[in-house]
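A quick note: this is a predicted structure, and the numbers were derived from the prediction, not measured.
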Amino acid sequence: MSAWLRDETPLSPAQSDTDERRTDRPDVFGFLRERDEGRHHTTQVTAAGADWLASAAAYPRSTLALWESRPAAPAVLPCGTAFDVVNVDTIFGRRMLDRLWSEGPGTGPVAVHRGRMLLFAAPGTAQRLPSLLAWEEWGDSVPPPLCHGTGDAVTIPPLCPLERTGPRWVVAPDTRHPWLPGPEVMLWACVRAVRAASAADVRISIFPPADQDAKVYDVSRRR
């Protein structure tokens, strides 16, 4: 796969909700909107991003109310409607992100939790990605990802984390309609990450590796 594949997976019904359907809910994230004005933080959830996350829950209004009362607490959200999640080892996930941002289309939201990286993907990715990896010649070299789809749930970082030791956002949701990579894009990223690691194993360098935590991703490149 010499070039990344544009994913044309349509947005889920939860993602296509119009703003008019939310006009009757309380404005519980005024503090996020105030923080968003005049600047953008890649690792901080915006008010619109919080609205999108809540759309994945069975009761979005109750979820927003809970976040208002506990903005520094992690939450658990179901997969399969607004998003799926591809769960990989953090080191391999960093390699995937490097490929996606340097050579590909970028990513959707990305989080880290308990030594794992959670890449938010289009609904249906969890079902298709394992079979695509099974057919790919480099698939056996990919550390098996945990794919969370319909019937699964994941822990997401808090909206306003108080410390860096728990779950945190690497690329936080910042819109009500985020672009999410589909299974073909995730397959491409897995293969490119494996190839990059294979090339690095045979390369000798006098320079130390770059600081993993120093990565900054230009979210303006996302579609």
Side-chain angles (χ1 to χ4, degrees), residues 9-37 40-87 93 97 106-114 116-126 146-164 166-182 186 217 219 222-223:
T9 306
L11 295 176
S12 69
Q15 290 172 279
S16 61
D17 286 342
T18 60
D19 294 345
E20 287 74 18
R21 294 179 60 183
R22 298 186 175 90
T23 55
D24 61 339
R25 72 164 175 79
D27 183 13
V28 297
F29 289 109
F31 67 97
L32 287 180
R33 292 189 178 88
E34 292 177 2
R35 186 188 65 187
D36 298 341
E37 291 180 359
H40 180 77
H41 301 272
T42 304
T43 59
Q44 291 183 352
V45 179
T46 66
D51 210 24
W52 171 72
L53 286 170
S55 73
Y59 302 99
R61 291 171 60 90
S62 298
T63 300
L64 290 171
L66 177 62
W67 287 345
E68 181 183 30
S69 63
R70 302 178 61 191
V76 177
L77 290 177
C79 302
T81 53
F83 55 78
D84 282 1
V85 169
V86 177
N87 181 335
L97 260 62
T107 67
V110 180
V112 291
H113 180 49
R114 293 183 176 178
R116 306 286 295 185
M117 183 167 286
L118 310 179
L119 292 91
F120 287 66
T125 300
L146 302 176
C147 297
H148 307 293
T150 303
D152 300 324
V154 294
T155 299
I156 65 166
L159 301 184
C160 300
L162 299 179
E163 54 187 22
R164 291 176 56 86
R168 62 184 177 87
W169 292 104
V170 178
V171 180
D174 58 358
T175 174
R176 287 191 179 96
H177 308 286
W179 176 79
L180 299 173
M186 299 303 292
Y217 300 101
V219 296
R222 286 186 295 192
R223 292 192 291 152

Atom pair [atom1]/[atom2] of [X] and [Y] - distance to nearest 0.5 Å:
| X | Y | atom1 | atom2 | result |
| --- | --- | --- | --- | --- |
| Tyr59 | Leu64 | OH | CG | 15.0 Å |
| Thr43 | Asp174 | OG1 | CG | 11.5 Å |
| Leu77 | Leu53 | CG | CG | 6.0 Å |

Would you call [X] and [Y] a side-chain contact if the rule is heavy atoms closer than 4.5 Å?
| X | Y | value |
| --- | --- | --- |
| Pro74 | Thr155 | yes |
| Trp67 | Pro158 | no |
| Leu118 | Val110 | no |

Atom of [X], atom of [Y] and distance for their closest heavy-atom approach:
| X | Y | answer |
| --- | --- | --- |
| Ala122 | Gly182 | CB-CA, 4.2 Å |
| Val45 | Ala172 | N-CB, 3.6 Å |
| Ser69 | Pro71 | C-CD, 3.5 Å |
| Ala82 | Trp52 | O-CZ2, 4.0 Å |
| Ala153 | Val76 | CB-CG1, 3.7 Å |
| Asp152 | Cys147 | OD2-O, 3.8 Å |

Self-check item: Under 3.5 Å: donor-acceptor pair, side chain of Thr46, backbone of Gly49
Solution: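 Answer holds: yes.
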Quiz item: Is a donor on one side and an acceptor on the other found under 3.5 Å between the side chain of Arg116 and the backbone of Asn87?
Solution: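 Between the backbone of Asn87 and the side chain of Arg116 there is a qualifying donor-acceptor contact (under 3.5 Å).
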Quiz item: Considering the options Thr125, Leu180, Thr107, which one meets the side chain to side chain contact (heavy atoms under 4.5 Å, CB included) requirement together with Met186?
Solution: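 With Met186 as partner, Thr125, Leu180, Thr107 yield a single side chain to side chain contact (heavy atoms under 4.5 Å, CB included), made by Thr125.
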Quiz prompt | Stepwise side chain to side chain contact (heavy atoms under 4.5 Å, CB included) test for Val154 and Ile156 | solution = CA-CA 6 Å; Val154 294; Ile156 65 166; 4.2 Å; yes
Quiz item: Do Asp84 and His148 have a side chain donor and acceptor closer than 3.5 Å?
Solution: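 No.
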Self-check item: Check: Phe120 ring centre within less than 6.0 Å of Trp169 ring centre
Solution: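 Ring centroids of Phe120 and Trp169 are less than 6.0 Å from each other.
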